[in-house]
There are 2 protein chains.
Amino acid sequence: MSKGHTTKEQIIWKAYQLFRERGYYNTSMADIGQACGLLKGSIYHHFASKEVLMEEVLKAVYNSFKQQVFDVAFQAMGTPKERLEKMMQAIEQTYFQEQGGCIMGQTGAHVPSNPAAFTSIIQQFFSAWKQAFAHVFTPQYGIEDSQRLAWQAIQEIEGAVTLYCIFFDKSFFISTRQRIEGMLA
Amino acid sequence: MSKGHTTKEQIIWKAYQLFRERGYYNTSMADIGQACGLLKGSIYHHFASKEVLMEEVLKAVYNSFKQQVFDVAFQAMGTPKERLEKMMQAIEQTYFQEQGGCIMGQTGAHVPSNPAAFTSIIQQFFSAWKQAFAHVFTPQYGIEDSQRLAWQAIQEIEGAVTLYCIFFDKSFFISTRQRIEGMLA
DNA sequence: AAAACTAGCAAACAAATGTTTGGTAAAATT
DNA sequence: AATTTTACCAAACATTTGTTTGCTAGTTTT
């Protein structure tokens, strides 16, 4: 590192917060620069374009979720229910320790006008999430029903996060979490 | 009417389609004008600003939903289940006959950076929706449980619409609809 | 110590943004 | 028929947008 010590990871994190809270198109490079204590032009030393920056943000969110949520489902230790609870705990933290909803769901809602690279990552994100949920459901519900239940759980969580943004009320997620955890005995 | 016959309602409808498919900030006045066969400046003869136009779009969506969905819940005729099915049918049509997700949920996801007028309409929309669902659930589940079930249904539907946008797959909504209709005997 | 590299600033860039202005021709009103 | 109103165009407006360029000073490598 030289003069300043703004790392790529720091820019990605700040950009993530802004994109998530205000949306991709309502966040300018100047906004991101300001949040990092940089001029907007300086960001281009780290990222080729705003679009590439967004891609890296989405990838980082995917990896973070994979590590803290998806991978837990496939751990050897603990009962499926315990692993599910651990996953739900991590999900809750992710959505409520910072402001804004689900950047994947929000960005995904505008697929036809989005760069294809965004869509690809978003699809992978939700597919991986479904597989993780389905895996902890399978011992009790079998493969087929678990797929269905996994999508159902994701849908409810996405809805809960949306309503949280609108009404500033965590309770949608709280009861959703209880319902999902209650699916395993 | 004089020369051309572009009505306010036509502009609202075109703007609705664009806002819904691409988001508020990713839709320009030039885009809306083009969709109406107008120059962007001409829209200001009908609406004071882009923000006011969006407000009218949200109000129009609210009114349309109220007429075709919410009001059905309180009709005198038919069993609660029949009315619920009628509501779900109208919801399905709304979301799948045109492209894009739920403009209320999408816009609501960015509340902190949105004009307060947007948030107000969006909150009213979801509150009215909850009350309508709860009303058809009440005979079977009682007042308290019906509230919970109503929010749960809305969450699932919002999630289903989001996933539909991402995977171009209606089946999320189809099974959600069956689940919700199955809640009433 | 010299050379090469890095991170950032300052300024400029063309293009796109939402909005305003002045005019025109058709329609509605008188 | 004269007047006013309506819907729209054409052009300009100031800002903001994402991006590029040239330069500087610190850091790393040699």
Side-chain angles (χ1 to χ4, degrees), chain A residues 1-58 60 103 106-107 110 112-118, chain B residues 1-58 60 103 106-107 110 112-118:
Chain A
M1 267 173 266
S2 50
K3 194 166 61 175
H5 27 355
T6 307
T7 64
K8 285 187 71 166
E9 276 66 34
Q10 285 168 3
I11 298 175
I12 289 175
W13 174 246
K14 289 288 182 189
Y16 164 60
Q17 295 181 77
L18 289 168
F19 286 150
R20 179 180 164 189
E21 196 174 317
R22 314 159 51 146
Y24 176 69
Y25 295 105
N26 192 31
T27 302
S28 70
M29 295 300 271
D31 292 333
I32 297 166
Q34 192 175 30
C36 301
L38 253 43
L39 284 176
K40 59 177 179 172
S42 304
I43 299 173
Y44 288 81
H45 197 73
H46 301 273
F47 304 92
S49 67
K50 188 187 180 187
E51 198 174 314
V52 166
L53 171 55
M54 178 58 152
E55 279 178 48
E56 299 226 29
V57 166
L58 293 174
I103 194 177
Q106 288 166 24
T107 310
H110 303 302
S113 70
N114 276 344
F118 296 2
Chain B
M1 268 171 266
S2 51
K3 197 166 61 173
H5 27 356
T6 307
T7 64
K8 286 188 71 166
E9 276 66 34
Q10 286 169 2
I11 298 175
I12 289 175
W13 174 245
K14 289 288 181 190
Y16 164 59
Q17 295 181 79
L18 289 168
F19 286 149
R20 179 180 164 190
E21 195 174 317
R22 313 156 54 143
Y24 177 68
Y25 295 104
N26 191 32
T27 302
S28 69
M29 294 300 270
D31 292 333
I32 297 166
Q34 192 174 30
C36 301
L38 253 41
L39 285 177
K40 59 177 179 171
S42 304
I43 298 173
Y44 288 83
H45 201 269
H46 301 273
F47 302 93
S49 67
K50 188 187 179 187
E51 198 174 313
V52 166
L53 172 55
M54 177 58 151
E55 279 178 48
E56 300 226 28
V57 165
L58 293 175
I103 194 176
Q106 289 166 24
T107 310
H110 302 304
S113 70
N114 277 344
F118 296 1

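Side chains included, hydrogens not; waters and symmetry mates left out as well; all remaining heavy atoms used. In what follows, chains carry the letters A, B, and so on, assigned in the order in which the sequence lines appear, proteins first and then strands, with residues in each chain numbered from 1.
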### Query
DNA chain D: stems of at least 3 consecutive Watson-Crick or G-U pairs, cut-off 3.5 Å?
C:1-12 with D:19-30, C:14-17 with D:14-17, C:19-30 with D:1-12
Less than 4.5 Å apart, any side-chain heavy atom of [X] and any of [Y]?
X        : Y        : value
B:Tyr25  : A:Arg22  : no
B:Phe118 : B:Val57  : no
B:Phe19  : B:Thr107 : no
A:Glu9   : A:Trp13  : no

### Message
Below 4.0 angstrom, which residues in residues 38-52 of chain B have at least one non-hydrogen atom near DNA chain D?
### Response
B:Leu38, B:Leu39, B:Ser42, B:His45, B:His46
### Task
Enumerate the residues from residues 14-35 of chain A whose closest heavy atom to DNA chain D is under 4.0 Å, giving them by residue number; use none for an empty result.
A:Thr27, A:Ser28, A:Met29
### Task
Carefully, step by step, assess A:Met54 and A:Ile103 under the rule side-chain contact (heavy atoms from CB on, under 4.5 Å).
CA-CA 11 Å; A:Met54 178 58 152; A:Ile103 194 177; 4.3 Å; yes
Quick check for you: to the nearest 0.5 Å, what is the distance between [X] atom [atom1] and [Y] atom [atom2]?
X       : Y       : atom1 : atom2 : answer
A:Ile32 : A:Ser28 : CD1   : OG    : 7.0 Å
B:Asp31 : B:Cys36 : CG    : SG    : 11.0 Å
B:Tyr44 : B:Leu53 : OH    : CG    : 9.0 Å
A:Leu38 : A:Gln10 : CG    : CD    : 10.0 Å

### Query
What is the distance, rounded to the nearest whole Å, between atom CD of A:Gln10 and atom C1' of C:dG8?
14 Å
### Task
Measure from NZ or CZ of A:Lys50 to the centre of the six-membered ring of A:Tyr24, then state whether that distance is under 6.0 Å and the direction lies within 45° of the axis.
yes
